[in-house]
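One structure is given below, encoded as structure tokens.
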Amino acid sequence: MAPQTRRMPFPKVVIERDSDSNQSTSDDDDDGEEAECSLSESETEFEDAAENGKTDEVEIGNMGMMKKGKELLSKKKGDVPLTIRLQKVCKVCKKPGHEAGFKGATYVDCPMKPCFLCKMPGHTTMTCPHRVASEHGVIPAPMKNTQNYLEYFFLRQIRPNIHPIKPAYVIPDQVCCAVIRYHSRRVTCLEFHPTKNNILLSGDKKGQIGVWDFDKVHEKMVYGNIHSCIVNNMRFNPLNDGTIYAASADGTISFTDLETGISSSLMNVNPDGWQGPSTWRMLYGMDVNSEKGVVLFADNFGFLYMLDMRSNNKTSEALLIHKRGSKVVGLHCNPVQPQLLLSCGNDHFARIWDMRKLEAGSSLYDLPHKRVVNSAYFSPLSGRKILTTCQDNRLRIWDSIFGNLESPSREIVHSHDFNRHLTPFRAEWDPKDPTESLAVIGRYISENYNGTALHPIDFIDITNGQLVAEVMDPNITTISPVNKLHPRDDVLATGSSRSLFIWRPKERSEPLEQKDDRKIVICQIPGKKYKQKFGGESDDDSDDYGFASKGKNIKLEKRKAKSTPYPRKGKH
DNA sequence: AGTGTATGAAGCC
DNA sequence: TGGCTTCCCTACAC
């Protein structure tokens, strides 16, 4: 039998490319296969010019491209020439005429979407009014004078701690030491030692807990057998600062001796083991109340638990404090009033509780938010203010916890978007600021700094919304959602991806060029070759957490910020 | 350089 | 309520 030949010739295909598309092949290529091939290369828009001149527009994403293309071609088999115009579409909204994404180190927003910073429609991040305003307060901070008894006693108690004059802020703006790839998964929480100034604790997504002496730099330890997955919060034991508590999504509260690494599980909220994801309890928020001698922690079903710190027995049954089935991600005890507890979670609320009468639904105040509340903290000295970080890209401040709590006294628009691959951002108070007005938080959106997209860490004056400082380092190209200011020293600790960084004020640091190489330690998983971000390939697998050898050390170049990400009207 | 994948909240039906 | 899909700047390994 003679081979069958194609009776109907394949339709003539004319490919027209968008004028600003990259390379252009022969415009009048009539090879069908070639057309399909080209179509799969990039996101394009089909335009099918039919015989009567009527135009059929079909928008196709890159995945459905081939299939749709074939359908289209087969439909048109035998028809007059098929014109396929290759036109670039925006990867965000799939519409032609514009493109979103990185242009070099600058990110261009899709104009069809709401502003990535303030979430309002009609403009992009570049032109967002919150980028150019000198302050962001949507509601002025009112000084509420409630003059109730509680307020009176409260003020008497804290008055000596309140500074009348705001001192100049000291900003730790230069990286002085770092451990690169210290953790094997991203860092989730940080904690400074309450008495030893140079000890930093870090928890990660894998369940490991690191203990790092950042003055000696190379003195570091990672405990990998304490938890089996994400460490959500850690606290030092107020009765013995050589021991810590940690809450993990493995459903346990651990108690660990930092010297020996010996750890015990104080409580397991999944006593029956794994019964499927719908019943598995994970622990998120945690705090210790030294006055009451209890460890408080909460799970992903809305429940609060309490353990007596001396007996390690639970002091009460689990108590529903947030919407049933929602995560309670943060707990904080008031530093001055031990009866007051602050919680926050995925039900879009932060709640204030009186620990003397804790029962479901008995919260003193419910502070509403538009999205999940990542964190809620009382101010560190007076405990009178509350700072929350919400996934709606806003920081909120309640100036007086005894005032009108129906609405925050201030909202500050700030880029700290939720991203499932990042540890949630949490704005943290500066515990050293006597005026309780300085907060630190990492920034999600990047800025083009001399050709590199960097994500700075912002210092914000929460009394007026002003950006006091933004710190960045050319070597930290990853987002830094985890930040903690030292309780006594002018030191900032940053967790960015798997690495840790310690910042100090520039004027107090010795020039980096003269520094000991070992100020920066590169860690790696044994046997793995990996590309260093900072200077070539490393195959040093002599040590689990080996030092960077001389010459391979990270080069910290002096940064030259070309532009200010949040240009202000005045000086900041 | 290109791709797969870890993964969480929101919104829809 | 539950199951499904979508999602805008990730980080990193291969």
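Below, chains carry the letters A, B, ... as their sequence lines are ordered, and counting in each starts from 1. Every value quoted in this text rests on a predicted model; they were computed, and no experiment measured them. Quick note: numbers below take in every heavy atom, side chains included, and nothing from hydrogens, waters or symmetry partners.
- For A:R181, the listed nucleotide lying nearest its side chain is C:dA13; candidates were C:dC12, C:dA13, C:dC9.
- Heavy atoms of A:R185 sit nowhere under 4.0 angstrom from any nucleic acid atom.
- Residue A:S446 is in base contact, counting any heavy-atom pair closer than 4.0 Å across all strands shown.
- Applying the side chain to side chain donor-acceptor pair (under 3.5 Å) rule to A:S446 yields no partners; only residues at least two apart in sequence or on another chain are considered.
- Summarising the local packing, CD of A:E317 is surrounded by 12 or fewer heavy atoms from other residues, nucleotides or ligands at distances under 6.0 Å.
- Residues meeting the side-chain contact (heavy atoms from CB on, under 4.5 Å) test with A:S228, sequence neighbours left out: A:D250.
- With hydrogens and angles ignored, no donor-acceptor pair closer than 3.5 Å exists between the side chain of A:R498 and the base of C:dC12.
- Residues that satisfy the side-chain contact (heavy atoms from CB on, under 4.5 Å) test with A:H348, not counting sequence neighbours, are A:V372.
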All N/O contacts under 3.5 Å from nucleotides 2-6 of chain C to the protein, with atom names and distances to one decimal?
none

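- Among the atoms of the strands shown, none is found under 4.0 Å from any heavy atom of A:P481.
- Within 4.0 Å (heavy atoms only), A:D417 reaches no atom of the nucleic acid at all.
- For A:W212, the side chain to side chain donor-acceptor pair (under 3.5 Å) test picks out no residue, with sequence neighbours left out.
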Show me, pair by pair, the donor-acceptor contacts under 3.5 angstrom made by side chains of residues 318-327 of chain A, not counting sequence neighbours?
unit_1, atom_1, unit_2, atom_2, d
A:H322, ND1, A:D347, OD1, 2.8
A:H322, ND1, A:D347, OD2, 3.0
A:H322, ND1, A:R351, NE, 3.4
A:H322, NE2, A:S343, OG, 2.8
A:S326, OG, A:K323, O, 2.7

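- Partners of A:T389 under the side chain to side chain donor-acceptor pair (under 3.5 Å) rule, at least two apart in sequence or in another chain, are A:S375.
- Checked against a 6.0 Å centroid threshold, the rings of A:Y377 and A:H332 count as neighbours.
- First and last contacting nucleotides of DNA chain B toward chain A (any atom under 4.0 angstrom from a heavy atom, 5' to 3' order): B:dA6 to B:dG11.
- The ring pair (Phe, Tyr, Trp, His ring centres under 6.0 Å) search around A:F192 returns A:H486, not counting sequence neighbours.
- Within 4.0 Å of A:Y444, counting heavy atoms only, lie sugar-phosphate atoms of the nucleic acid but no base atom.
- At the heavy-atom level, A:K206 lies nowhere under 4.0 Å from the strands shown.
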